[in-house]
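Notes to accompany the following structure.
Hydrogens, waters and symmetry mates are skipped; everything else that's a heavy atom, side chains included, is used. No experiment lies behind these values; they were computed from the predicted model shown. For reference, positions follow the sequence shown, starting with 1.
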Amino acid sequence: AYRTLTALNLRWAPPASQGRRIVRYRLFMSSPDGGGVFAEIYSGPETSFTKASLTTGQTYRFRVSAINDIGEGPPSEVRETAACVSPSLPSGIRVASRDELHIRIRWDAPQADGGC
């Protein structure tokens, strides 16, 4: 699984076997301004999906359900997660060395990488 500033790769495990083959999964998402309403964003046989075009730092809610030849099972528990947040700025920017043709600059890594 991975996440970027604007995308999340979501993965889930198949439910315990009840003697029936899973035909497909339905993945639902509730956006921060969605009022708690879940909309389907994926339907298919895979157990992973990458949701792109997310807003950096916003928390999204997801749930998944499985479908077999009898029908659709209950949705999973809701999982909240966010695409990465913007990293903090680097600090300690300084000239490490210089000559007539070059300047070498160094800096300290940001304290927070944004979660990616």
What distance do [X] atom [atom1] and [Y] atom [atom2] have between them, rounded to the nearest 0.5 Å?
X	Y	atom1	atom2	value
Glu80	Arg61	CD	CZ	5.5 Å
Leu8	Thr50	CG	OG1	9.0 Å
Thr6	Lys51	OG1	NZ	10.5 Å
Arg106	Ser97	CZ	OG	7.5 Å
Ile105	Ile93	CD1	CD1	8.0 Å
Ser48	Asn9	OG	CG	5.5 Å

Within the distance-only criterion (no hydrogens, no angle test), does the side chain of [X] pair as donor or acceptor with the backbone N or O of [Y] below 3.5 angstrom?
X	Y	answer
Ser76	Val64	yes
Thr56	Leu5	yes
Thr4	Ala7	yes
Ser88	Gln111	yes
Arg3	Ala82	yes

Ring centres under 6.0 Å, that's the criterion: do Phe28 and Phe38 meet it? no

Following the transitive rule for hydrophobic clusters with a side-chain heavy-atom cut-off under 4.5 Å over Ile, Leu, Val, Met, Phe, Trp and Tyr, establish whether [X] and [Y] coincide in one cluster.
X	Y	value
Val37	Leu27	no
Ile67	Ile70	no
Trp107	Val95	yes

Describe, in one word, how the ring planes of Tyr42 and Trp12 are oriented to each other, choosing from parallel (under 30°), tilted (30 to 60°) and perpendicular (over 60°).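 Ring orientation, 0 to 90° scale: tilted.
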
The test is side-chain contact (heavy atoms from CB on, under 4.5 Å); show your working for Val78 and Phe62 and say whether it passes. CA-CA 6 Å; Val78 173; Phe62 298 92; over 6 Å; no

Atom of Thr55, atom of Tyr60 and distance for their closest heavy-atom approach: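 Heavy atoms only, the tightest pair is N-OH, 2.9 Å.
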
State, with a plain yes or no, whether a side-chain heavy atom of Val23 is found less than 4.5 Å away from one of Glu72. no

Within-4.5 Å side-chain heavy-atom neighbours: Pro14 and Thr47: yes

Ionic contact status for Asp69 with Arg20, cut-off 4.0 Å: yes

Salt-bridge present (Arg63, Glu77; N to O < 4.0 Å):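 Glu77 and Arg63: not salt-bridged.
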
Per side-chain contact (heavy atoms from CB on, under 4.5 Å), Tyr25 is matched among Pro45, Pro15, Ser65 by Pro15

Kindly check if the number of other-residue, nucleotide or ligand heavy atoms within 6.0 Å of CZ (Arg94) is above 12? yes

Under 3.5 Å side-chain donor-acceptor pair for Arg24 and Ser43: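 Yes - a donor-acceptor pair under 3.5 Å links their side chains.
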
